[in-house]
Amino acid sequence: MILVTGGAGFIGGNFVLDWLADPSAESIVNLDKLTYAGNLATLEPLKNDTRHVFIHGDIGDQELVKRLLAQYKPMAIVNFAAESHVDRSIHGPAEFVQTNIVGTFNLLECAREYWNSLEGNAKEAFRFHHVSTDEVYGSLSATDPAFTETKAFEPNSPYSASKAASDHLVRAWFHTYGFPVVTTNCSNNYGPYHFPEKLIPLVILNALNSKPLPIYGDGQQVRDWLYVGDHCSAIRQVLAKGKLGETYNIGGWNEKANIEVVNTICNILDELKSRADGVPYASQITYVKDRPGHDRRYAIDASKVERELGWRPAETFETGILKTVQWYLDNPAWIDGVVSGSYRDWLQKQYT
Ligand code: NAD
Ligand code: TYD
């Protein structure tokens, strides 16, 4: 058994589905608080699969986490649970401190106590895999080299600061207590089941709903984009083969300016589902006020994970984005389920 936290969210949900696609895979206990970002519809394909046990709860709930560890005796914990949206962290940072820092601290402490109670092979094999972001490294200029694992942390948003704090805790639990951790710092993910507050799904849905496609500032901010299935395969590889106490950068070797990403999506939609009036979707692009403290560029040097663990992404941006747009066209029921009242309230707050 493995314990996955945040497995009803975007990446955690994809990870659970990918993991259980292998009939010989260990079962999963999935602990998720079901915040606005958690969605049980993502896990619908597993409703008759007894290898998936869903627990509605908080990683900050010490009693619950201890009980789950004692009951299910997992051989690993993969920690996805987090508040993950930079813009929301600007409006309300408190939840980010609570879940990303205090929640991770609680999980580490409960897991350490559990690990101390293990013996022999079970103790030897146990892993705590912390899933983190490239945003902890801060912002690059156009000519800076890409982030390596030794780049100093310089987080600039409440979100990235809270993730950086959690990464530090995980590191310290290894050095101080010998607790068996691995950490991955990944670039921007995209793909199926992505909540439409983030750039790529927001643009796809707004385009189809004849709404403006909001570009913050000049649209020249650069992100490295990784297809979510590739992130899942990287986590599986690091969990299986990663060296204890190490961090691994995970990226897609796909640096793109935001405006380029949005234009690509518009072009694909023009091909797959053109507007009734024949006007290109790019005509809906609207430049809006920039995000405060907006990081200019992220770029990941993912050569360590390739060199040491033999992992490379399978998708290019071109293949991944095509699959992603097609997935949103093919899954209107999932989309209807997430664009609830609270989602509309968020759009109102952020974009008007
Ligand atoms: P998400 O916001 O889509 O999902 C987060 C999930 O965690 C949700 O299901 C939510 O209900 C759950 N959750 C939140 N607080 C919780 C709590 N206190 N206890 C239990 N569950 C809780 O996020 P995501 O995009 O899937 O990101 C997953 C992880 O990957 C995060 O740690 C994030 O920092 C990291 N990450 C994300 C990206 C990206 O591009 N999305 C890139 C690199 C790293
Ligand atoms: P986002 O998907 O929020 O991810 P992150 O902030 O974690 O990188 O944003 C990706 C990029 O797109 C980022 O530079 C902000 C920009 N962006 C827009 O230009 N417009 C939008 O409406 C959103 C949500 C993001």
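Whatever order the structure lists them in is the order used to number ligands and atoms, beginning at 1. The first residue in the sequence is number 1, and the count goes up from there.
Between P212 and T286, the shortest heavy-atom distance links the atoms CB-OG1, 3.3 Å. A pairwise comparison of heavy atoms in W253 and D301 identifies CH2-OD1, 3.7 Å as the closest pair. Contact between L239 and R127 at its shortest, heavy atoms only, is CD1-CB, 3.8 Å.
Counting the atoms of ligand 2 from 1 in the order shown, those under 4.0 Å from a heavy atom of L202 are 22 (O). Near N188, meaning under 4.0 Å from any of its heavy atoms, are these atoms of ligand 1: 40 (O). Close contacts between ligand 1 and C186 involve ligand atoms 42 (C), 43 (C) [criterion: under 4.0 Å to a heavy atom]. Taking every heavy atom of I215 and a limit of under 4.0 angstrom, the matching atoms of ligand 2 come to 19 (O). When each atom of ligand 1 is checked for a heavy atom of G57 under 4.0 Å away, the hits are 19 (N), 20 (C). Less than 4.0 angstrom separates some heavy atom of Y351 from each of these atoms of ligand 2: 21 (C), 22 (O), 23 (C), 24 (C). Of all atoms in ligand 1, numbered sequentially from 1 with element shown, those under 4.0 Å from a heavy atom of V131 are 30 (O), 32 (O). Per-residue contacts place D58 under 4.0 angstrom from the following atoms of ligand 1 (heavy atoms of the residue considered): 17 (C), 18 (N), 19 (N). Within ligand 2, counting atoms from 1 as listed, the ones closer than 4.0 Å to a heavy atom of K198 are 2 (O). Heavy-atom proximity to H85, at under 4.0 Å, picks out these atoms of ligand 2: 3 (O).
Closest to atom 2 (O) of ligand 2 by heavy atom, among V222, L347, L199, T286, is L199. Among H294, Q220, Q221, the residue whose heavy atom lies nearest to atom 14 (O) of ligand 2 is H294. In this structure, of S162, S132, G38, G9, the residue bringing a heavy atom nearest to atom 44 (C) of ligand 1 is S132. With atom 31 (C) of ligand 1 as the reference point, the heavy atom nearest to it among Y159, Y193, F80 is part of F80. Taking each of N258, V288, V203 in turn, the one with a heavy atom nearest to atom 12 (O) of ligand 2 proves to be N258. Which of R291, E135, R296 comes nearest to atom 6 (O) of ligand 2 through a heavy atom is settled by distance: it is R291.
Ligand 1 does not have G7 within reach: every non-hydrogen atom of the residue lies 4.0 Å or more from it. Residue-ligand proximity: G13 is placed with every non-hydrogen atom at 4.0 Å or more from ligand 1. Ligand 1 lies within reach of A8, whose nearest heavy atom is under 4.0 Å from it.
Nearest protein neighbour of atom 4 (O) of ligand 2, counting heavy atoms only, is N188 ND2, 3.3 Å. P214 O, 2.9 Å is the protein heavy atom nearest to atom 20 (N) of ligand 2. Distance from atom 25 (C) of ligand 2 to its nearest protein heavy atom, with residue and atom name: Y216 CE1, 3.5 Å.
Any N or O atom pair closer than 3.5 Å counts here, and Y36 shares no such pair with ligand 1. Checking only distances, T35 does come within under 3.5 Å of ligand 1, N or O to N or O. Annotation: Y298 places no N or O atom under 3.5 Å from an N or O atom of ligand 2; distance criterion only. Considering backbone and side-chain atoms alike, I11 places an N or O below 3.5 Å from some N or O of ligand 1. Residue-to-ligand polar distances keep A81 apart from ligand 1: every N/O pair is separated by 3.5 Å or more. Any N or O atom pair closer than 3.5 Å counts here, and T99 shares at least one such pair with ligand 1.
With a 4.0 Å heavy-atom cut-off, ligand 2 is reached by no atom of D295. Heavy atoms of E197 found under 4.0 angstrom from ligand 2 belong exclusively to the backbone. Of the heavy atoms in T5, none comes closer than 4.0 Å to ligand 1. Heavy atoms of K163 found under 4.0 angstrom from ligand 1 belong exclusively to the side chain.
Two residues are said to be in side-chain contact when any heavy atoms from C-beta on lie closer than 4.5 Å; H194 and Y328 meet this criterion.
Between V136 and the options K151, K163, H168, a side-chain contact (heavy atoms from CB on, under 4.5 Å) holds for only K163. In summary, of the residues considered (N100, T104, T99), a side chain to side chain donor-acceptor pair (under 3.5 Å) with S162 occurs for N100 alone.
Seen from the ring of Y298, R223 counts as a face-on cation partner, given the 6.0 Å and 45° thresholds. Taking the ring axis of Y177 as reference, the NZ or CZ atom of R112 stays within 45° of it and closer than 6.0 Å to the ring centre.
Using a 4.0 Å cut-off between charged side-chain N and carboxylate O, R297 and D144 make no salt bridge.
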